[in-house]
Structure formats: structure tokens, C-alpha cells
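So you know, we letter chains A, B, ... as the sequences are listed, proteins then strands, and number each from 1. Being a predicted model, the structure only gives us computed values, none of them experimental.
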Protein chains: 2
Amino acid sequence: MKVSTRFSDAIHILAFINIYHGKIPLTSDNIAGSVELSSVMVRKLMSTLKKAGLLETKSGASPDPRLAKPAEDISLLDIYLAVEKDKPLFEIDYDTNPQCIVGGNIQKTLEYYYQEAENAALAKLNHVSLADVIETILVKQKQKEAGIQK
Amino acid sequence: MKVSTRFSDAIHILAFINIYHGKIPLTSDNIAGSVELSSVMVRKLMSTLKKAGLLETKSGASPDPRLAKPAEDISLLDIYLAVEKDKPLFEIDYDTNPQCIVGGNIQKTLEYYYQEAENAALAKLNHVSLADVIETILVKQKQKEAGIQK
DNA sequence: TATTATTGTAATTTATATTTTTACAAATAT
DNA sequence: ATATTTGTAAAAATATAAATTACAATAATA
């Protein structure tokens, strides 16, 4: 399939809103111009983030979206779970021959080991806040402006 | 896109070969019957596993594929890297507006944090061997035969 | 109050990743 | 020799995500 960049784009949207709040009108069109996504996709993602309690938005003219809580209190895991729900990090093939010893037991076996790996990754995401991401973005921008290549 | 189950299927194939070696003819067609995958896909995956040094195969009639080393010495990470190569666990949207502070710096920022999370997951996979997986499958099969539901 | 800008959401279309199918030359056992 | 099977490529089918189109609902403002 097409590769999904929902998670990456959701972080982008929240960082953009936090950085540009009060500086430019935060319409879905302006945000879409930075993410280079259709404004409909931006609104869909924002709707999802709103339902997850990470974002507050308004309908109609002069919208003014803002983070529902401080960027320090939003972890990358919060954002990941908001947009990916229970999508597994490692996919399991559930369409196997149940008559076979392997085909009949591989799913539950892999579920266990995959879960361990997934938990380790999500725990790391839980230790990174949106504020960390924004700070890193701003540092990289200053480095760029100072002519420092990395 | 269609969801890829390459990793899951590759583990299945290796476990199947290990368990049924010497018991039934290990043709790609027989293996495909357990994985419920086309025999062409099975041969492709086996070809990939062979190139990665995990499997030994023969062409022609009476093929006799076998693990290239003991199942204890093959980790799930070895298999993952063989079939997924450098495919990232978390996708980054590289198509953003480079003129924007966020769009111009988000990729390198996320690469860093995503890498930490990915490494944590892959480290867990590195601690699980194909032998562990096979043992778990055989235990689950015995439980099933004993009428124990889990 | 009428007008304008924008959101929120659904339906359709398009793009693209993955698997399946088809095909066949090459390899090997019998 | 013949039959079986691999290894691999090309084309078709399938699945999922994003883009596009459309429009009613909402809210600012002239």
C-alpha cells in the first residue's frame, strides 16, 4: 500500500500550531501548506487529535486551534495512540492453515514476542514530549541559520 | 497499501522447515500449504533468507531446505533484517515545506527519536531466538491436544 | 442581517505497496 | 529421457492510504 505518515504528520501539525500560535492564522489551509498534505487530511487528523484530548479547535471563520495541554505534558506515545489506535507495529499473518502445528499456533506465539518489542518501542515514545520535539526543531533551525551543517 | 506479513511469514517458513525436516518433503508447495501463501512468495522469501545466510536450499527435484545454523543461533532480529532490510518501523513524511521551520527540520528531528524507539524494539527481537519461537509453538500445540484453552 | 471564511465530514477517485498469478528456463532425481 | 521442482521475472489483482470533490454547519465581520 501507500505508506502512511499519519503519526509523523500529526506531530508536525501539533508542533506547527504550538510554534505559530498567535503569529499567523492557523487555518487548515495554512497548516496544510507546511505539511504538504491536503487541507482535508489536516482537518481529519486534527479532528482525531481533538477527540483524543490533545487539541482544542473551533469551527467557522477565524479558527484558533491550540494544544489542549502544555507541550511538556503531551508525549509522542499520546500522539501515536491517538492516530494509530491499536494498529500493531509488527503485523501477524492470521491467514494460515490451522491444521498445521505451525499454522495453528504461530499467531499466539508471535503476539507474545511482538508485544514485548512493541512495548519497548512505545515506552521510548512515552519518554519524549512534544516540547522535546519542538525544542529540537528550533535548535536545528538556529543551526541552519548559523550556517552549521549537520 | 496491502499490509505486509513478510516478517511473520518468514518466521513461519523457518519454523516449519525446522519442525518438519525429514518428516515430509519440504517443497515450496507444501510449505505454502501451511503459510497459505502462494508458492512463488514462499520461494521468494526463502531466496531472501538464503541470501541472508539463514537457510540452505537446493534447486530441482527432491529439494531439502534446512536452517543454515542452529535455531538457537538465529534471532528474530536476524530474520527481520533479512526480509525487511532497512524499512523503518515508523515512517517519516519527507514531503514537507522546507521553507517552514517545522517542515524544514522535522525529518532530522523525528529520525533521532524514532531511531531510539526502533532500536529498543529491535533489541527485544534480538533476544528471542527461532528456537524460542519453535518451543513456544510446540508447547501451545501440546496444550491444545490436552484440551487446555488459553 | 447578509456575506464571507472556514470547519467537519462523507463519498469518490487516484496513487502506490504488496501479493498473486502466469510463465518458463534451469537444476536435479529417478 | 522424463518428471519434479526451483528461481525469477513480468503482469494482474488486491488492499490501503491520500487527494479530490462536495457541501451543510459554524462563526466572524461588514
Side-chain angles (χ1 to χ4, degrees), chain A residues 1-10 12-13 16-17 20 24-52 55-66 83-96, chain B residues 1-10 12-13 17 20 24-52 55-66 83-97:
Chain A
M1 67 180 149
K2 233 173 184 173
V3 167
S4 173
T5 53
R6 268 198 300 263
F7 179 34
S8 168
D9 292 335
H12 189 143
I13 289 170
F16 188 91
I17 288 171
Y20 287 104
I24 62 167
L26 293 172
T27 64
S28 60
D29 229 51
N30 278 343
I31 298 171
S34 172
V35 189
E36 293 195 352
L37 212 58
S38 75
S39 61
V40 174
M41 265 307 282
V42 169
R43 294 202 289 272
K44 265 194 207 164
L45 280 171
M46 286 176 69
S47 167
T48 300
L49 294 168
K50 189 180 172 182
K51 279 170 193 152
L55 195 60
E56 288 172 352
T57 67
K58 280 196 310 182
S59 281
S62 301
D64 187 31
R66 58 183 70 196
V83 300
E84 299 291 1
K85 316 285 182 199
D86 55 359
K87 183 193 156 189
L89 209 46
F90 300 98
E91 295 288 344
I92 290 173
D93 190 345
Y94 282 92
D95 182 17
T96 63
Chain B
M1 67 181 148
K2 231 173 186 173
V3 167
S4 172
T5 53
R6 267 197 300 262
F7 180 34
S8 169
D9 292 335
H12 188 143
I13 290 170
I17 288 172
Y20 287 103
I24 61 167
L26 293 173
T27 64
S28 60
D29 228 51
N30 277 343
I31 299 172
S34 172
V35 189
E36 293 194 354
L37 211 58
S38 74
S39 60
V40 173
M41 264 308 280
V42 170
R43 293 202 290 271
K44 264 194 206 165
L45 281 170
M46 288 177 68
S47 166
T48 301
L49 294 168
K50 188 180 171 182
K51 279 170 194 153
L55 195 62
E56 288 172 353
T57 67
K58 279 196 310 179
S59 280
S62 301
D64 186 32
R66 57 183 71 195
V83 299
E84 300 290 2
K85 316 287 182 195
D86 54 0
K87 183 191 158 191
L89 209 45
F90 300 99
E91 295 287 344
I92 291 173
D93 190 346
Y94 282 92
D95 182 18
T96 63
N97 185 347

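- Between B:Thr5 and A:Thr27, the residue anchored nearer the 5' end of DNA chain C, judged by the nucleotide with its closest heavy atom, is A:Thr27.
- The B:Val40 side chain lies nearest to D:dT8 when the options are D:dT8, C:dG8, C:dT6.
- Using a 4.0 Å heavy-atom criterion, one finds that A:Met41 contacts the sugar-phosphate atoms exclusively.
- Rounded to whole angstrom, the span from the CG atom of B:Leu49 across to the C1' atom of D:dG7 amounts to 14 Å.
- Residue B:Ser38 is in base contact, counting any heavy-atom pair closer than 4.0 Å across all strands shown.
- Put simply, CE on A:Met46 is 11 Å from C1' on C:dT6, counting in whole angstrom units.
- One finds a side-chain N or O of B:Ser28 lying less than 4.0 angstrom from the OP1 or OP2 phosphate oxygen of D:dT6.
- Of the candidate nucleotides D:dA22, D:dT8, D:dA17, D:dT8 has the atom nearest to the side chain of B:Arg43.
- Nearest to the side chain of B:Lys50, among C:dG8, D:dG7, C:dT19, sits D:dG7.
- Among the atoms of the strands shown, only primed sugar atoms or phosphate atoms (P, OP1, OP2) are found under 4.0 Å from some heavy atom of A:Thr57.
- As a whole-Å value, the separation of B:Lys44 NZ from C:dT22 P is 15 Å.
- The CG atom of A:Leu26 sits 16 Å away from the P atom of D:dA28 (whole-angstrom rounding).
- In this structure, A:Pro25 and B:Asp9 both approach DNA chain C, and ranking their closest nucleotides by distance from the 5' end singles out A:Pro25.
- Nearest-nucleotide assignment on DNA chain D puts the 5′-proximal partner with A:Ser39, out of A:Ala61 and A:Ser39.
- The CD1-P distance, from A:Ile31 to C:dA5, rounds to 19 Å in whole Å.
- Considering only side-chain N and O atoms, A:Lys58 lies under 4.0 angstrom from the phosphate OP1 or OP2 of D:dA28.
- In this structure, the separation between CD on A:Glu36 and OG1 on A:Thr5 is 11.5 Å, given to the nearest 0.5 Å.
- In this structure, the CD atom of B:Glu56 is 16 Å from the P atom of D:dT6, given to the nearest Å.
- Here the straight-line distance linking atom CG of B:Asn97 with atom CD1 of A:Ile31 works out to 13.5 Å at 0.5 Å rounding.
- No option in B:Arg43, B:Arg66, B:Lys50 other than B:Lys50 meets the side chain to side chain donor-acceptor pair (under 3.5 Å) test with B:Thr57.
- Put simply, CG on B:Asp64 is 13 Å from C1' on C:dA29, counting in whole angstrom units.
- Of the candidate nucleotides D:dA17, C:dT18, C:dT20, C:dT20 has the atom nearest to the side chain of B:Leu37.
- One finds a side-chain N or O of B:Ser4 lying less than 4.0 angstrom from the OP1 or OP2 phosphate oxygen of C:dT19.
- Atom pair A:Glu91:CD and C:dT19:P shows a separation of 11 Å (rounding to whole Å applied).
- Side chain of B:Arg6, nearest nucleotide from D:dA28, D:dT6, C:dT18: C:dT18.
- Nearest approach of A:Leu26 to A:Tyr20, heavy atoms of both residues: CD2-CB, 4.0 Å.
- Not one N or O on the side chain of A:Asp93 forms a donor-acceptor pair closer than 3.5 Å with the backbone of B:Ser8.
- Of all the heavy atoms in B:Lys58 and B:Pro63, the pair that sits closest is O-CB, 3.8 Å.
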